[in-house]
Amino acid sequence: EEEDCATIQILMSDTGGGHRASANALRDAFAVLHETEPSLYPLPIHCDIVDIYTDYGPFWPVNAYVPLYKFMAEYSFLWKWFYEFGATPLGLWMNDFLLEVFCFEPFERCLARDPFGEEGRSDGKRRADMVVSVHPLCQDLPLKILASLDTGGVSRREGRTTPFATVVTDLGGAHPTWFNKGVDKCFVPSAVLKNAALDRGVQEHQIVQYGLPIRRGFWRFGADYSKAPDAQNEQQEMEGVHHKPTIREQLGLLDLPTVLIVGGGDGMGGIVNQATAIGQKLQSLAASSSSNEPKYQMVVVCGNNKAAQSSLSPPQTVWGANVAVNVMGFVNNMDEYMRASDILVTKAGPGTIAEASICGLPCILSSFLPGQEEGNVPYVEENGFGCYRGTPEGIAETVEEWLAASSVTTEGTVLETMRECALSAARPDATLDIARDLADMVYKRREQLNKSVRKQEVATAA
Ligand code: UDP
């Protein structure tokens with residue numbers, strides 16, 4: 001099996017849920033390409049996804065980035081300081097210097113490892129054909145290590161032959177360490193990040209702008225990609241995928257105006273207070289109707305936040321009979337919940353925003369992490385599919401405003417306009433587009449490697 005595979009090592013770290021999610025999305029995209037377009041993608045692509053800091057960091061704090069990030073994300077002033085210092089020339093230099101001194105050897109073991117598991121083949125023969133980074137701290141040092149591996153230790157600066165690409169998983173802002181001018185390709189999701197890459201010396205021809213790599217459920221045609229190649233009437237297909245009443249029924253929801261509240265994978269950003277404020281507002285909106293039927297619906301997705309989930313369930317009665325409330329833990333079908341909803345309230349996570357955009361779902365951004373998430377606010381506002389509201393009351397008022405404006409049946413209501421804007425900013429093909437380009441790179445590398453093996457065989461035979 002190993003002989004008939006191209007291999008890609010994907011470097012990441014579980015600081016936030018997005019990096020692994022993107023890595024998994026690319027892995028799935030390679031599988032789909034091979035499955036649905038075997039003439040173009042005849043060779044399966046095996047992905048070796050590795051949290052290089054956690055698994056190969058030699059000591060604290062390098063091997064503890066994941067819990068440290070979680071801690072700093074909660075005390076965001078710490079994160080702000082750390083992020084901003086890291087972006088100064090001194091911070092960048094220190095990071096580079098310390099990593100090279102302390103992590104070169106352990107990380108070299110990572111990059112030299114057999115992509116199918118067994119570790120430690122530093123003869124370079126069995127390591128991955130190509131390396132892809134989906135993390136801001138996996139450019140500079142891995143590039144040096146590859147140069148060294150490819151030149152047999154002669155140079156850390158030049159002579160790299162193993163292809164290397166960065167796939168940026170932030171959206172409206174990104175740390176400078178994402179960008180290294182030595183990469184073969186740098187995939188960015190937005191014009192803002194393309195400019196950030198250019199500012200760091202990455203050249204136009206190295207930069208490719210498609211969109212964020214995200215989970216299969218959000219790709220065009222939903223999860224049912226098997227239909228794509230022979231889908232004559234794409235329009236009809238998409239309408240089927242997006243048909244709200246059907247999706248609501250499948251999810252056991254009512255067919256009512258629906259507000260979805262999420263706070264990333266960890267249910268952060270104060271979702272309990274937001275749900276409370278929005279519920280009260282919706283109840284008071286509906287109360288004049290004097291009926292006991294639900295008029296509005298809320299879905300609160302708490303992710304891994306067990307405390308939030310238990311404090312909201314069973315749904316408190318404070319909201320009254322006119323608001324149906326569904327409290328969920330971590331859901332694996334976010335695409336369906338988004339397609340069932342009319343408004344999303346979320347922290348400004350890049351993944352969630354890109355997903356909402358694909359679903360045509362207007363967003364109210366409730367909070368953002370300083371640094372990389374800050375730019376996601378103007379991203380959403382400038383694309384016209386949402387706004388930032390920093391308090392539960394402000395969020396509730398905006399929900400009321402949008403729903404009221406939308407109860408008008410003529411075209412061009414606030415929500416409809418934002419829906420159009422969201423869809424036109426959406427990049428549902430990004431994951432497959434990125435995967436196609438990466439596949440071409442790794443195939444080309446395989447050809448080169450095969451040729452050089454053949455040459456060697458001829459030489460030894462002679
Ligand atoms: N998510 C999910 N189920 C949940 C909550 C969140 O699948 O119950 C997903 C969500 O769809 C998105 C990701 O978790 O893909 C969150 O990524 P984002 O970049 O928005 O924020 P992060 O959690 O990485 O800070």
Side-chain angles (χ1 to χ4, degrees), residues 12-26 28 51 65-74 76 79 83 134-136 167-175 189-190 193 211-219 222-223 251 260-271 274-275 299-309 312-313 326-341 344-359 361 363-377 379-380 386 426-428 430-431:
M12 46 78 66
S13 186
D14 284 310
T15 50
H19 305 294
R20 187 174 293 274
S22 299
N24 289 342
L26 290 174
D28 294 346
D51 183 336
Y65 279 5
V66 172
L68 279 171
Y69 178 80
K70 217 171 173 174
F71 180 78
M72 287 194 278
E74 249 165 80
S76 58
W79 177 246
Y83 187 95
V134 293
H135 195 275
V167 179
V168 179
T169 65
D170 280 317
L171 189 58
H175 201 273
S190 64
L193 294 201
L212 270 192
I214 49 179
R215 219 159 349 118
R216 185 172 176 171
F218 292 96
W219 303 352
L251 290 172
L260 175 64
I261 304 168
V262 299
D266 292 324
M268 310 284 280
I271 48 175
Q274 290 157 18
V299 179
V300 191
V301 173
C302 301
N304 300 314
N305 190 341
K306 291 272 185 306
Q309 194 184 352
L312 287 171
S313 41
N326 297 266
V327 179
M328 318 292 297
F330 192 94
V331 301
N332 285 311
N333 50 346
M334 188 62 90
D335 51 314
E336 292 173 316
Y337 279 100
M338 285 191 180
R339 289 188 168 120
S341 302
L344 173 68
V345 177
T346 177
K347 79 172 188 86
T352 305
I353 291 170
E355 292 164 359
S357 165
I358 288 172
C359 297
L361 187 58
C363 299
I364 301 173
L365 303 177
S366 53
S367 64
F368 56 84
L369 214 55
Q372 78 273 29
E373 284 185 358
E374 240 167 275
N376 296 344
V377 173
Y379 177 87
V380 166
R427 297 289 173 266
T431 316

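All ligand and atom numbering here is 1-based and tracks the order in the structure.
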Revision key, fill the gap. Residues passing the salt bridge (charged side-chain N to carboxylate O under 4.0 Å, His left out) test with D14, sequence neighbours excluded, are R20
Check your understanding: Around ligand 1, what residues show up once you keep those with a heavy atom under 4.0 Å from it?
Key ->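 The answer is G17, G18, R215, G264, G265, V301, G303, G329, F330, V331, M334, K347, G349, P350, G351, T352, E355, counting any residue whose heavy atom sits under 4.0 Å from ligand 1.
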Check your understanding: Should S13 and H135 be marked as a side chain to side chain donor-acceptor pair (under 3.5 Å) after you check the CA-CA gap, both sets of side-chain angles, and the distance that decides it?
Key -> CA-CA 7 Å; S13 186; H135 195 275; 4.6 Å; no
Point to revise | Nearest-0.5 Å distance that lies between atom CG in N24 and atom NE2 in H19 | key: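 Going from CG on N24 over to NE2 on H19, the span is 13.0 Å.
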Check your understanding: Just how far is it from atom NZ of K70 to atom CE of M268, taken to the nearest 0.5 Å?
Key ->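 Here the interatomic distance stands at 8.0 Å.
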**Study point:** Heavy-atom donor-acceptor pair, T431 side chain to P213 backbone, under 3.5 Å
**Key:**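 Absent.
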Exercise for review: Check E74, Q372, E373 against W79 for a side chain to side chain donor-acceptor pair (under 3.5 Å) and give me the one that passes.
Suggested key: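 With W79 as partner, E74, Q372, E373 yield a single side chain to side chain donor-acceptor pair (under 3.5 Å), made by Q372.
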